Amino acid sequence: MSAPEIRVFNTMQQTKVPLSPITPGKLGIYVCGPTVYSFVHLGNARTFTSFDTIVRYLRFRGFEVRYVRNYTDVDDKIIKAAHDANEDPIALAARFIREFEADAQALHLLPPDVAPKVSETIPEIIAIIERLIDRGFAYASGGDVYFEVRRYPAYLKLSKKRLDDFVSGAGERELLLENKRDPLDFALWKAAKPGEPSWASPWGEGRPGWHIECSAMSAKYLGETFDLHGGGLDLIFPHHDNEIAQSEAASGKTLCNCWLHGGFLDLEGAKMSKSLGNVVRLRDALAQVDAEALRYFFLTTHYRQALSFSDKQLADAETRMEYFYETLKKVDERLEGKDFGPGPVHQDPGRFLRELDAAMADDFNFPGALGALAGLFNEMNQLTDKPPVKDKASVGRTLVALREVARQASRALGLFEDVPARWLSRRRDRQVTRYGIDPQQVEAAIAARHAARAEKTPEGFKAADQIRADLKAQRVEIMDTPQGTTWKVSAEPAS
RNA sequence: GGCGGCAUAGCCAAGUGGUAAGGCAAGGGUCUGCAAAACCCUCAUUCCCCGGUUCGAAUCCGGGUGCCGCCUCCA
């Protein structure tokens, strides 16, 4: 049984193409990381989660993936934010890099193999710019250096725009000529202004323009041609078009074989973006909802489609994670310390993993993979609670196999990576805090109910049921199990 | 004005030529002293509208309508 061929939607060709690594078994991927002038919001988090999941899956499939995600720590916005905060720009950027790393860890994002910074790539940036000037694609002007777009015929090949559309179009934004030969030329290097971070260069003190850093960093860590380049949809133009122009004009080689772009996160019908101001910070969201629940929520929609932020859907995602963890906990308890010996297993436990693999291989179909999970967990529950076969050893062996499939799925998707009991108790603790529940009072009520039930009289049961109803009104749900009475907090109060 | 995307049940969402995955919600059932959890059953003759191609279309083509995005701040 061979693994399904991986097909990926390439923005350049606007169609799905087979994934074909430059070096068999290896993949280099560059993801445009944050410009660190403030906290990341959920829209950013969605994109990074999508590529995190893609990297996990590719590794699950056996590829040796080199994952590069940069920090843009030199930029107009950083300079402005630093000025407003009366802080050194490099220091402000460093601060927000630390904040980003804290958020990324909280979201369970894999650390990239390399996380380069613009401020540490200046020599490489200058070298590319010099090469572009030598080759006649760029010119120095008044301390700035610009890329001359009319000299590069393939310009805009990613976004499929045409240069002339910019001139005759009704774009609201005014195109400024400044020191440029053409208003559409873009800056590779900007002459320093007082108070700005700057570096020495052949054109005087200055700093890199916005796009050039990615050309320099990707070449430095992945080579002049690499396999996959990812980012949000809003980076296609101008950022990626400009990256392509710079890199390919300088090297004469294809920058990247396949371009991946993630869809937006919408809030109330509009793209969540800092410029619109309709953002929810990642850390604020994580104070309210479990990280894996947020991840599950992101995975409920294909990575290229728009996803609408919704408290309801987020709450559903957390309920779903609870189902997964409850199931895993139950199965682990059933299997603990048991050896069912060799022998046949029930049905075909591996089919769920194949289904998941097939979905992910088809342009990373996250919702399809989640569908496979539904079958897997349903079967685990069936076998633990209501096994359809009498042979207990066979059921046990099957559960062992299914539990292993769940581990593989976890590795491929980055979900339910925690110890089930720990995740569940952490969730309860969070809700106890959120709703101001007193656990000791709950335990006391459970003890009182236990005593009332022990009477086994109509009055006793009536009293026990009243205690249950009272607790439920406080969102506390109690469950009688063979191991005793446990409780949890439900999201909704009893109506 | 140019370019691109989307429209599938009450809600979320897969599916791109072969007869509508999955989740949530809802209703019924099993289990339970009562519950919860879990499991089982039911829940779109139909995929925004109108034409066309085809033995066959949610899927392809043409024309509408609506929503969203990019057009040098943006994941």
Side-chain angles (χ1 to χ4, degrees), chain A residues 11 14 31-35 37 40-51 75-77 80 156 159-162 164-166 168-173 175-176 183-184 186-187 210-211 230-239 241-242 261-266 269-276 296-297 300-302 304-308 310 312-313 315-317 319-320 322-323 326-327 330 355 359 362 365-375 377-378 380-382 384-386 388 453 456-458 460-462 464-465 468-469 472 477-481 485-488 490:
Chain A
T11 307
Q14 309 260 272
V31 174
C32 286
T35 299
Y37 65 97
V40 285
H41 64 249
L42 284 177
N44 304 320
R46 183 198 177 192
T47 296
F48 295 134
T49 300
S50 293
F51 289 110
D75 169 88
D76 292 352
K77 298 222 148 189
K80 184 177 183 305
L156 307 176
S159 67
K160 324 292 185 217
K161 295 178 188 297
R162 288 191 318 229
D164 293 337
D165 294 338
F166 288 85
S168 59
E172 310 80 41
R173 218 176 291 256
L175 290 165
L176 299 172
L184 294 167
F186 56 91
W210 172 30
H211 319 288
L233 220 49
D234 46 1
L235 294 183
I236 293 175
F237 179 86
H239 189 238
D241 271 325
N242 290 1
H261 290 98
F264 298 132
L265 183 70
D266 292 347
K271 170 191 170 187
M272 183 181 286
S273 75
K274 290 173 189 168
S275 51
L276 288 176
Y296 185 93
F297 168 67
T300 57
T301 297
H302 185 96
R304 282 191 287 106
Q305 300 291 8
L307 168 64
S308 289
S310 144
K312 163 83 166 57
Q313 299 298 326
D316 285 352
T319 303
R320 193 66 181 151
E322 184 180 36
Y323 167 79
E326 289 281 11
T327 304
K330 189 164 61 179
E355 193 185 324
D362 182 13
N365 187 338
F366 300 159
L370 262 26
L373 244 37
F377 280 77
N378 176 264
M380 282 195 280
N381 274 119
Q382 270 189 60
T384 4
D385 291 355
K386 313 209 165 173
R453 287 179 72 207
K456 292 196 192 304
T457 60
F461 283 128
K462 198 178 169 196
D465 289 348
R468 176 192 290 287
K472 193 167 183 182
E477 197 83 63
I478 57 178
M479 295 91 74
D480 295 323
T481 75
T485 299
T486 60
W487 60 281
K488 66 171 184 173
S490 54

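These numbers were taken from a predicted model, which means no experiment stands behind them. Lettering of chains follows the sequences in order, A, B, ..., and the numbering in each one begins at 1. As a basis for the values below, the full set of heavy atoms in this structure was taken, side chains included, without hydrogen atoms, waters or symmetry mates.
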Taking a pair as Watson-Crick or G-U wobble with both distances under 3.5 Å, which nucleotide is matched to B:C39? B:G29
Separation of B:C68 P from A:I236 CD1 (nearest whole Å): 19 Å
Looking at B:C73, does its base get a donor-acceptor pair with the side chain of A:K77 below 3.5 Å? yes
To the nearest angstrom, the CG-C1' distance between A:L235 and B:U72 comes to 12 Å
Which whole number of Å gives the distance between the P atom of B:G4 and that of B:G62? 13 Å
CZ of A:F297 versus C1' of B:C24: gap in Å, rounded? 13 Å
For A:L184 and B:U72, give me the distance from atom CG to atom P, rounded to whole Å. 9 Å
Do nucleotides 6-13 of chain B as a string where each nucleotide becomes B, S or -: B if the base has a protein heavy atom under 4.0 Å, S if just the sugar-phosphate does, - if no protein is that close. S----SSS
For nucleotides 34-38 of chain B, tabulate all protein N/O to nucleotide N/O atom pairs closer than 3.5 Å, reporting atom names and distance.
{"unit_1": "B:C34", "atom_1": "O2", "unit_2": "A:D465", "atom_2": "OD1", "d": "3.2"}
{"unit_1": "B:C34", "atom_1": "O2", "unit_2": "A:R468", "atom_2": "NE", "d": "3.1"}
{"unit_1": "B:C34", "atom_1": "N3", "unit_2": "A:R468", "atom_2": "NH2", "d": "2.9"}
{"unit_1": "B:C34", "atom_1": "N4", "unit_2": "A:D480", "atom_2": "OD2", "d": "2.8"}
{"unit_1": "B:A35", "atom_1": "N6", "unit_2": "A:D480", "atom_2": "O", "d": "3.4"}
{"unit_1": "B:A35", "atom_1": "N1", "unit_2": "A:D480", "atom_2": "N", "d": "2.8"}
{"unit_1": "B:A35", "atom_1": "N3", "unit_2": "A:R468", "atom_2": "NH1", "d": "3.1"}
{"unit_1": "B:A35", "atom_1": "N3", "unit_2": "A:R468", "atom_2": "NH2", "d": "2.9"}
{"unit_1": "B:A38", "atom_1": "O3'", "unit_2": "A:N381", "atom_2": "OD1", "d": "3.4"}
{"unit_1": "B:A38", "atom_1": "O2'", "unit_2": "A:D385", "atom_2": "OD2", "d": "2.8"}

Taking the same atom, C1', in B:G15 and in B:A57, what whole-Å distance lies between them? 13 Å
Given atom OH of A:Y37 and atom C1' of B:A75, what is their separation to the nearest angstrom? 11 Å
Need the pair for B:G66. Rule: Watson-Crick or G-U wobble, both distances under 3.5 Å, any strand; none if unpaired. B:C6
Could A:R320 and A:D316 be called an ion pair, given the rule that one side-chain N must be under 4.0 Å from one carboxylate O? no
